[in-house]
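Side-chain atoms are counted along with the backbone in the values below, which use heavy atoms only and exclude waters and symmetry mates. Letters A, B, ... mirror the listed sequences (proteins, then strands); counts begin at 1.
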Amino acid sequence: VSKRADLHPKGTSKTRAKTSPLARVQPLALFGSPVLLAGEDDDAYHELLSRVRTAINPVDIIDEMFIADVVSLEWEVLRWRRLKSNLMRAHGFRALKSFLITNLDYDQYRKYFADELTKILQNNLTEDLTEDGAQTLAQKCAGNDSNAVDKVNQILDRINLDMDSILNSAKARKAGELTHDYAQRKPPAIKLINKFLARTGSSIDAVMAKALAEELDNIERIDRLITIAETRRNAMLREIDRRRAVLSEALRRQVQEVEGEFEVVEKTQAEAKSAA
Amino acid sequence: VTSKHKIRANRANAQASTGPKTARGRLHAARNALRHALSLPVYSDPVSSEEVEALAREIIGTDANPEMQELARRIAEAQIDLRRVRHARHQILSQPLSDPDYESEVMLRKKSTLILHCLRRLDPSAPMPDIVMEFLSSKPQGPYKFATILADKTRQLLALDRYERRALSRRKFAIRAFDAAGRRKLTSRMN
């Protein structure tokens, strides 16, 4: 049975049943409709069903039952594997983002800080602060001008905000952007992140492993589901084998019986010849 | 030998400790079997029993042998049971997955605690900090949502897994018995 990734999620599928030479096979209504979840590709499911059906070549309705089960269980195995890999990937990138938040240099997110601060100041203008003035003040504050920092702190106090929360928010934004670029394998992001990792004596594998440890409960749960589905699928295949063995034994007996009858016919012919 | 007095006392005690007492408890217990109805035999539902008969006819074909018919019915019964279990399991996963606002109970509790904390500590007229708002409006997405649902529904899924295992086992032995009977019939015909 093919385990191609494109057999599964909708949208990422490159090869669809339309291009497949195999006919779309509907399982019997009495076996129930395919157990697909939202976003799963119905065509890919039927392509898998066609392939398994062609490979097994059912002889009766009981074989059809087993085929429906094999396909449904194989689909589940693919579903859980996909979920596991997506979860690990997503959590790995989340861990990378956290790592960056704690290790980013101020220079990396200074521009984001200035932008956010400008927005906040412009939303809270006073008599002596115009829109342009707010922007200049934010830029000066981001450049560590002590007078500007004091003035900004006063304004922020008045509106129940503090500098740290704005800095953290800017840092998180930059970290998120860098992680996104890293996931898309953009060379500048890769270079920068590798620099941070090297500086802290860490590696991307260490970050990912830490993330994996945090998701261990979920991963174990998914692994268990994969094992159950695989075990049941294999049991179905064994049952098909067992039935085939029984069928072939019955066929062998029938052939022996036919051969026996054929011998009788030959003898009769020989007897007829000798009689002649 | 247990004395009559002891037997009477045991029976009285057993009567006193059987089943829920309160009206709410009784109502809850009365609905236990109706949650997914999987413990009920397929023949208790007229639609399912018709499906069992239809499937049994498909399995047996034109064979009118009563033994074979009974064995085919056993296979069909297990198969329809299996279908019911799988449908119930599918519902458990698909309903929360298609709910765009799905949130786990653990996370809802965390969010309520945070709101209470902010209300106590912050000025009520001040806007909530962005980071708090971001957390409050966040919802599990993509693989996290699926993983959260799996974590939340583990108990229910395990319960259904037991039903599925039993139905699969019943079907396997029913098919083996059906095949063996078919073989016996063939052998006797050949002899």
Look at atom [atom1] of [X] and say whether more than 12 heavy atoms of other residues, nucleotides or ligands are closer to it than 6.0 Å.
{"X": "B/Q91", "atom1": "CD", "answer": "yes"}
{"X": "B/R170", "atom1": "CZ", "answer": "yes"}
{"X": "B/H90", "atom1": "NE2", "answer": "yes"}

So how far is it from [X] [atom1] to [Y] [atom2], rounded to the nearest 0.5 Å?
{"X": "B/E164", "Y": "A/R232", "atom1": "CD", "atom2": "CZ", "answer": "4.5 Å"}
{"X": "B/Q95", "Y": "A/L37", "atom1": "CD", "atom2": "CG", "answer": "11.5 Å"}
{"X": "B/F146", "Y": "A/K84", "atom1": "CZ", "atom2": "NZ", "answer": "15.0 Å"}
{"X": "A/R94", "Y": "B/Y144", "atom1": "CZ", "atom2": "OH", "answer": "4.0 Å"}

Part of [X] within contact of chain A (heavy atom distance under 4.5 Å):
{"X": "B/R171", "result": "side chain"}
{"X": "B/T154", "result": "side chain"}
{"X": "B/I60", "result": "neither"}

Please classify the contact of [X] with chain B as side chain, backbone, both or neither, using a heavy-atom distance under 4.5 Å.
{"X": "A/L225", "answer": "side chain"}
{"X": "A/I62", "answer": "side chain"}
{"X": "A/L161", "answer": "neither"}

Options B/L157, B/I175, B/L97, ranked by heavy-atom pairs under 4.5 Å with chain A, top entry: B/I175
Heavy-atom pairs under 4.5 Å with chain B, option from A/D69, A/I166, A/V35 with the top count: A/D69
Neighbourhood of chain B inside residues 207-224 of chain A, taking heavy atoms under 4.5 Å as contact: A/E215, A/N218, A/R221, A/I222, A/R224
Residues of residues 235-243 of chain A within contact distance of chain B, non-hydrogen under 4.5 Å: A/M236, A/E239, A/R242, A/R243
Heavy-atom check, side chain of A/M65 versus side chain of B/I59, under 4.5 Å: yes
Lys/Arg N to Asp/Glu carboxylate O, A/E76 vs B/R89, below 4.0 Å: yes
